[in-house]
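Here's the structure, in structure tokens; my notes come after.
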Number of protein chains: 2
Amino acid sequence: MTRDATATRARVLDAARARFGADGYDRTTIRAVAADAGVDPALVMRYFGGKDGLFTQAADLDLDLPDLAGTAVDDVPALLLERFVAVWERDATFMALLRASASSETAAARMREVFTSQVAPALAVVAVDQPDRRAALVASQVLGLAVARYLVRLPSLVDLETDDLLAWVGPVLLHHLTAPLPGGSPPATGSS
Amino acid sequence: MTRDATATRARVLDAARARFGADGYDRTTIRAVAADAGVDPALVMRYFGGKDGLFTQAADLDLDLPDLAGTAVDDVPALLLERFVAVWERDATFMALLRASASSETAAARMREVFTSQVAPALAVVAVDQPDRRAALVASQVLGLAVARYLVRLPSLVDLETDDLLAWVGPVLLHHLTAPLPGGSPPATGSS
DNA sequence: CCACCTGGTCAACGGCTGTTGACTTGACCG
DNA sequence: CGGTCAAGTCAACAGCCGTTGACCAGGTGG
């Protein structure tokens, strides 16, 4: 059972996610990840090609958002928040990506890609209007929640139970998705 | 005019803010800051005692929030957002603190302190209810905006003019400050 | 002229890191 | 048993970083 390359790979990847999520990109060392996985640093190199490769594979985030077509827009915030909390608490992938985005342009680009390929399309179905912008606003609130709660750890947000969190923030997400366009006289560019 | 310690200190501090804001804590090297300021790295040591000291003094954030007592609550979001955008764009202090918070517990603690000593007291005057929690929710949206716009750089948020930003996000801040308590049956602790 | 203090530089040390290439171990196969 | 190939280890290199202590420059006061 030992000497199982697939299992070892998975163990290294788990250790990497934990380290990247807890310490950020720069403070995470290949040596520490290897030690956590009970493996020689050189093996990490062989498997992932380098620190960048290790991060890329460790921070491959899949939000697994459901198809919202046919869902009443009022039910969307609950679904979204439940999904995000689940992702936050399942493993450290999201935190790894978030922490790394602060100091690595590559990670920030990956974050943008997660938004473009997963969040924006999912929300485009339920936002009547300027779907991309509304999706970005939703993302800003959710991202801010993650930062304030898990990164900065403001006590009055850490104390919130998941249900209360939904009750406080849900209406805001709904607002971002459905509120009438701001700016009384929209300078629409001809295309209507 | 050369050999002016005060001016040199200021030059180093400016360079440090720029570097910390652009690259984060770990990627910023004392050598690079010193080079930017046209100074020997050893001088930075003499003046600030080390990298931590340099960061602490460079990331000493003052939001300069106005006294909101006597302000109509509907006017608060505009004031707040204008202040935050001003702080974001004035210098790199806020970005330095935000980026560093992702990988340094010290920086995260400083962020918490900024909230506790500046944001929460300022908003306590206008939030009728659970002022600390409402202030934290406001902070989460503002922080999320900073992350999404300046760090992850979601295009549809980067494109927003300051005025439009206010129009989109203002109502949300107002909601966070004034919306009725969620949870139909509040488990109030005896005081009613 | 000399001493002195402040502002500033120089060269170096020690530690940690990513990365590499040669080596070892162990399981399977004929 | 002997060979072979993947899995894994070992020791080392080269580079960069924070930090240090000794040193230099130049204006000031006696």
Side-chain angles (χ1 to χ4, degrees), chain A residues 1-59 96-97 99-100 102-107 110, chain B residues 1-59 96-97 99-100 102-107 110:
Chain A
M1 244 343 177
T2 341
R3 279 183 91 81
D4 179 347
T6 315
T8 306
R9 256 187 84 100
R11 220 169 348 117
V12 171
L13 233 34
D14 281 347
R17 265 187 283 265
R19 284 279 180 179
F20 281 129
D23 303 337
Y25 183 85
D26 297 297
R27 285 177 138 78
T28 296
T29 73
I30 289 198
R31 285 172 150 93
V33 171
D36 288 354
V39 161
D40 193 274
L43 194 68
V44 179
M45 288 291 130
R46 281 228 170 283
Y47 281 173
F48 302 97
K51 195 178 178 179
D52 283 346
L54 177 62
F55 176 78
T56 302
Q57 298 213 28
L97 197 53
R99 284 207 143 95
S103 62
S104 154
E105 178 51 33
T106 308
R110 176 78 188 116
Chain B
M1 239 352 174
T2 341
R3 282 181 86 81
D4 179 348
T6 314
T8 306
R9 257 186 82 100
R11 222 172 343 122
V12 171
L13 233 34
D14 281 347
R17 266 188 282 266
R19 283 282 180 178
F20 282 129
D23 302 338
Y25 184 86
D26 297 297
R27 285 178 138 80
T28 296
T29 72
I30 289 199
R31 286 171 149 93
V33 171
D36 288 354
V39 162
D40 192 274
L43 195 68
V44 179
M45 289 290 131
R46 275 223 179 290
Y47 281 172
F48 302 96
K51 195 177 178 179
D52 283 346
L54 177 62
F55 175 78
T56 302
Q57 297 213 30
L97 198 52
R99 285 208 143 95
S103 62
S104 153
E105 178 51 33
T106 307
R110 176 78 189 116

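As a basis for the values below, the full set of heavy atoms in this structure was taken, side chains included, without hydrogen atoms, waters or symmetry mates. Naming convention: chains lettered A, B, ... in sequence-line order (proteins, then strands); numbering from 1 in each chain.
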Notebook entry, point to check: Between F48(B) and V12(B), is any pair of side-chain heavy atoms under 4.5 Å apart?
Noted result: yes
Note to self: Could you check whether the side chain of R31(B) and the base of dG18(D) have a donor-acceptor pair of N or O atoms closer than 3.5 Å, going by distance alone?
What the structure shows: yes
Margin query: Please report the distance, rounded to the nearest Å, between CZ in F55(B) and P in dG18(D).
Written below: 14 Å
Notebook entry, point to check: OP1 or OP2 of dG8(C) sitting under 4.0 Å from any side-chain N/O of T8(B)?
Noted result: yes
Item checked: Nearest-angstrom distance from the residue atom NZ of K51(A) to P of dG18(C) -> 5 Å
Check: Where the side chain of Y47(A) is defined as all heavy atoms beyond and including C-beta, which of dA7(D), dA22(D), dA22(C) is the nearest nucleotide?
Finding: dA7(D)
Check: Below 4.5 Å, heavy atoms only, C-beta onward: do R11(B) and T8(B) meet side chain to side chain?
Finding: yes
Checklist line | Whole-Å gap separating C1' (dT17(C)) and CG (L54(A)) | finding: 14 Å
Next item on the list: Scan F48(A) against the nucleic acid and name what it touches under 4.0 Å (heavy atoms): base, sugar-phosphate only, or nothing.
Entry: nothing
Next item on the list: Would you kindly compare R27(A) and V39(B) by the position of their nearest DNA chain C nucleotide and give the one closer to the 5′ end?
Entry: V39(B)
Margin query: In whole Å, I'd like the distance from the CZ atom of R46(A) to the P atom of dC5(D).
Written below: 16 Å
Note to self: Within the 4.0 Å heavy-atom criterion, would you say T6(A) contacts the bases, only the backbone, or no part of the nucleic acid?
What the structure shows: nothing
Note to self: Working note: R27(B) + R99(B), criterion side chain to side chain contact (heavy atoms under 4.5 Å, CB included); need CA distance, chi angles, decisive distance, verdict.
What the structure shows: CA-CA 11 Å; R27(B) 285 178 138 80; R99(B) 285 208 143 95; over 6 Å; no
Margin query: Rounded to whole Å, please give me the gap between CE in M45(B) and P in dG7(C).
Written below: 18 Å
Check: Taking N and O atoms by type only, does the side chain of R3(B) place a donor or acceptor under 3.5 Å from a partner on the base of dG27(D)?
Finding: no
Notebook entry, point to check: Starting at OH of Y25(B) and ending at C1' of dG18(D), how long is that distance when rounded to a whole Å?
Noted result: 10 Å
Checklist line | Nucleotide dT19(C), atom P - distance to CG of D40(A) in whole Å | finding: 14 Å
Next item on the list: Check every atom of dG18(C), dT9(D), dC17(D) against the side chain of T29(A) and return the nucleotide holding the closest atom.
Entry: dG18(C)
Notebook entry, point to check: Among dG18(D), dT19(C), dC10(D), which is the nearest nucleotide to the side chain of P41(A)?
Noted result: dT19(C)
Note to self: Less than 4.5 Å apart, side chain to side chain, heavy atoms only: is that true for D26(B) and Y25(A)?
What the structure shows: no
Check: L54(A) versus V44(A): any side-chain heavy-atom pair under 4.5 Å?
Finding: yes
Notebook entry, point to check: In whole Å, what is the span from the CG atom of D26(A) to the C1' atom of dG18(D)?
Noted result: 15 Å
Next item on the list: Using a 4.0 Å heavy-atom cut-off across all strands, classify A5(B) as base, sugar-phosphate, or nothing.
Entry: sugar-phosphate
Notebook entry, point to check: Hey, does L43(A) reach any base, or is it just sugar-phosphate, or nothing, if we go heavy atoms under 4.0 Å?
Noted result: base
